[in-house]
Amino acid sequence: MADLKERLLPPKPASAANLRDVSYRPSASGRPPFPGVDVLGLKKRGQGLRSWIRVDSFGNSQVIEVDKFSMMRRCDLPARDLRLLDPLFVYPSTILGREKAIVVNLEQIRCIITADEVLLLNSLDNYVVQYVVELQRRLHAAGVSDVWQTEGSDSSRRGRNFDNMFGNTSPDYLPFEFRALEVALEAACTFLDSQAAELEIEAYPLLDELTSKISTLNLERVRRLKSRLVALTRRVQKVRDEIEQLMDDDGDMAEMYLTEKKRRMESSFYGDQSLLGYRSSDGVQSISAPVSPVASPPDSRKLEKTLSIARSRHESVRSSESANESIEELEMLLEAYFVVIDSTLNKLTSLKEYIDDTEDFINIQLDNVRNQLIQFELLLTTATFVVAIFGVVAGIFGMNFTVPLFDNPNAFKWVLIITAVCGIIIFCSFLWFFKYKRLMPL
């Protein structure tokens with residue numbers, strides 16, 4: 001892995017040290033401004049040169065530096081599609097099918113897929129390196145390079161190679177762009193699923209601890225966990241929606257079949273060349289022939305016209321059938337990874353429901369404690385009212401006037417006994433009222 005990183009990295013220019021000191025100084029926290037992006041390999045935005053990793057259909061990789069406009073002409077893409085791959089901006093996950101390329105922006109994987117090559121932004125991210133390694137391994141294992149070796153051959157041999165390539169009805173066969181797209185989908189789904197698994201491992205023990213001990217520290221940790229869960233769920237949902245949107249639109253899926261479109265263009269080109277050659281040879285042979293203005297077209301030309309019409313109808317029917325087959329092929333590929341990303345989304349949804357259930361359980365516990373405090377406060381208020389009766393009696397007998405009861409030596413004792421009995425009766429009456437109204441369990 002380290003050797004591949006060194007091989008993929010572009011050579012450092014002479015002013016690399018100055019760029020490191022002036023343009024790309026680390027932040028106050030000590031981290032680089034754009035983690036995972038080879039900032040030194042990228043030129044200034046004013047110059048427009050960017051470092052790309054190119055992987056061809058043979059599985060060979062190399063680092064090239066291409067400016068923005070050359071990349072637009074090379075892949076026939078508008079500028080807004082290239083902005084989706086800019087590492088300085090954050091865009092949601094997107095898969096766009098264009099005339100000659102597929103623009104893929106899935107998490108760390110940002111690439112342009114054509115019928116012959118894959119172009120990735122040169123990055124030090126581990127997932128990008130793993131994508132290149134996995135794509136090379138699959139291309140070498142599948143033997144795609146043997147099919148695409150058409151250099152140095154004439155047009156008839158090239159046509160036979162293309163016919164053999166697209167006549168392969170093996171269920172394991174996939175065109176080059178679909179293989180590259182499959183590796184990108186697999187890398188994105190694996191990355192999101194690993195993050196979901198890590199979040200699950202961290203979340204369940206923390207939630208169980210929170211249910212046993214409610215503290216400010218545990219609540220703060222759960223709050224941060226829920227924020228991460230919401231962000232990850234949004235990313236997974238975006239990837240799922242993008243795959244589902246592609247599966248629902250047959251036109252977009254047909255647009256992504258780049259190898260088939262290239263084959264049709266080349267076959268039509270060679271067909272036009274052969275037709276022009278036939279017409280030129282026919283014109284040479286008919287120079288000395290007399291021309292009759294009233295003569296009817298010969299039978300050979302009628303037969304040729306009839307055969308051309310039948311051939312065009314046959315080609316249109318066969319192309320429509322192959323387009324339907326290719327759409328079904330791509331749909332099955334997308335459906336497989338749709339199931340994977342949907343499973344990841346179900347994990348996150350289950351985790352969110354578990355967090356919501358934990359929050360409801362904590363709220364129930366807090367409500368129970370709050371109810372107990374209210375009941376205790378009610379009892380204290382009732383007891384305070386009973387004790388206040390003694391204060392009222394003491395205030396009455398403390399007035400400055402003569403009462404014959406004061407001359408009785410047992411008067412004080414009877415006053416205390418009668419007041420206490422009245423207070424107990426009043427307190428028991430309140431308790432019976434609370435029980436009757438079901439204000440507290442007694």
Side-chain angles (χ1 to χ4, degrees), residues 8-10 13 19 23-24 32-57 61-125 127-129 131-132 135 175-185 187-188 191 235 238-239 241-243 245-246 249 251-259 261-262 265 330:
L8 293 179
L9 287 178
L19 288 175
S23 301
Y24 300 100
F34 305 106
V37 178
D38 183 15
V39 181
L40 296 179
L42 303 177
K43 296 291 185 70
K44 294 182 178 179
R45 294 179 61 85
Q47 298 177 356
L49 287 177
R50 286 268 172 93
S51 179
W52 297 79
I53 302 175
R54 178 182 178 271
V55 182
D56 58 10
S57 58
S61 63
Q62 61 177 345
V63 177
I64 59 176
E65 290 187 353
V66 185
D67 63 288
K68 178 179 179 181
F69 297 100
S70 299
M71 184 62 67
M72 292 168 58
R73 292 192 299 269
R74 179 172 184 166
C75 302
D76 195 13
L77 292 174
R80 67 172 180 267
D81 290 344
L82 291 181
R83 294 192 192 100
L84 297 175
L85 308 179
D86 198 334
L88 303 180
F89 299 98
V90 179
Y91 288 97
S93 297
T94 308
I95 302 176
L96 299 176
R98 297 300 184 229
E99 182 65 26
K100 296 182 180 179
I102 301 174
V103 181
V104 178
N105 178 16
L106 294 174
E107 296 301 321
Q108 282 81 5
I109 307 300
R110 301 185 178 189
C111 62
I112 301 174
I113 302 174
T114 64
D116 302 326
E117 61 185 3
V118 177
L119 299 169
L120 298 97
L121 281 175
N122 195 0
S123 174
L124 297 177
D125 192 87
Y127 285 93
V128 176
V129 178
Y131 173 81
V132 176
L135 180 59
F176 171 74
E177 65 271 14
F178 289 175
R179 293 181 184 273
L181 180 61
E182 181 183 11
V183 177
L185 288 171
F191 174 71
R235 290 158 52 193
K238 179 58 181 175
V239 175
D241 293 342
E242 193 67 25
I243 297 177
Q245 183 179 359
L246 284 176
D249 196 335
D252 289 345
M253 287 192 291
E255 193 74 18
M256 295 171 66
Y257 205 82
L258 305 178
T259 307
K261 290 191 290 185
K262 181 180 178 181
M265 292 177 61
L330 179 58

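Nothing here was measured: the structure is a model prediction, and the numbers come from that model. The chain is numbered in sequence order, starting from 1.
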Sub-3.5 Å donor-acceptor pair from the side chain of [X] to the main-chain atoms of [Y], do we have one?
| X | Y | value |
| --- | --- | --- |
| E65 | W52 | no |
| K262 | A115 | no |
| R110 | D86 | yes |
| Y257 | L330 | no |
| K261 | E255 | yes |

State the [atom1]-[atom2] distance between [X] and [Y], to the nearest 0.5 angstrom.
| X | Y | atom1 | atom2 | answer |
| --- | --- | --- | --- | --- |
| L96 | L77 | CG | CG | 9.0 Å |
| I112 | L120 | CD1 | CG | 9.5 Å |
| Q245 | I95 | CD | CD1 | 10.0 Å |
| Y131 | Q108 | OH | CD | 13.5 Å |
| N105 | S93 | CG | OG | 6.0 Å |
| L119 | I64 | CG | CD1 | 5.5 Å |

Nearest heavy-atom pair of [X] and [Y]: which atoms, and what distance?
| X | Y | value |
| --- | --- | --- |
| P92 | K238 | CB-CE, 3.7 Å |
| L135 | A180 | CD1-CA, 3.9 Å |
| A101 | C75 | CB-O, 3.9 Å |
| I109 | V128 | CD1-CA, 4.2 Å |
| L85 | C111 | CD2-N, 3.8 Å |

For E242 and T94, does a side-chain donor sit closer than 3.5 Å to a side-chain acceptor? no

The single option from L258, V118, D56 that satisfies side chain to side chain contact (heavy atoms under 4.5 Å, CB included) with F176 is V118

Note, V66 side chain near R54 side chain (heavy atom, < 4.5 Å): no

Just do the salt bridge (charged side-chain N to carboxylate O under 4.0 Å, His left out) check on E117 and R74 with the steps written out, would you? CA-CA 11 Å; E117 61 185 3; R74 179 172 184 166; 3.0 Å; yes

Given D81 and R98, is the salt bridge (charged side-chain N to carboxylate O under 4.0 Å, His left out) satisfied, shown in steps? CA-CA 10 Å; D81 290 344; R98 297 300 184 229; 2.7 Å; yes

Report the C-alpha distance between E177 and T114 in whole Å, list the side-chain angles of each, state the deciding distance to 0.1 Å, and finish with yes or no for side-chain hydrogen bond (donor to acceptor under 3.5 Å, both in side chains). CA-CA 6 Å; E177 65 271 14; T114 64; over 6 Å; no

Going through the checks in order, is the side-chain contact (heavy atoms from CB on, under 4.5 Å) test met by V132 and I53? CA-CA 9 Å; V132 176; I53 302 175; 4.3 Å; yes

Could you give me the CA-CA distance, side-chain angles and deciding distance for T259 and D116, then say whether side-chain contact (heavy atoms from CB on, under 4.5 Å) is met? CA-CA 8 Å; T259 307; D116 302 326; over 6 Å; no

Exceeds 12 heavy-atom contacts within 6.0 angstrom, atom NZ of K100: no

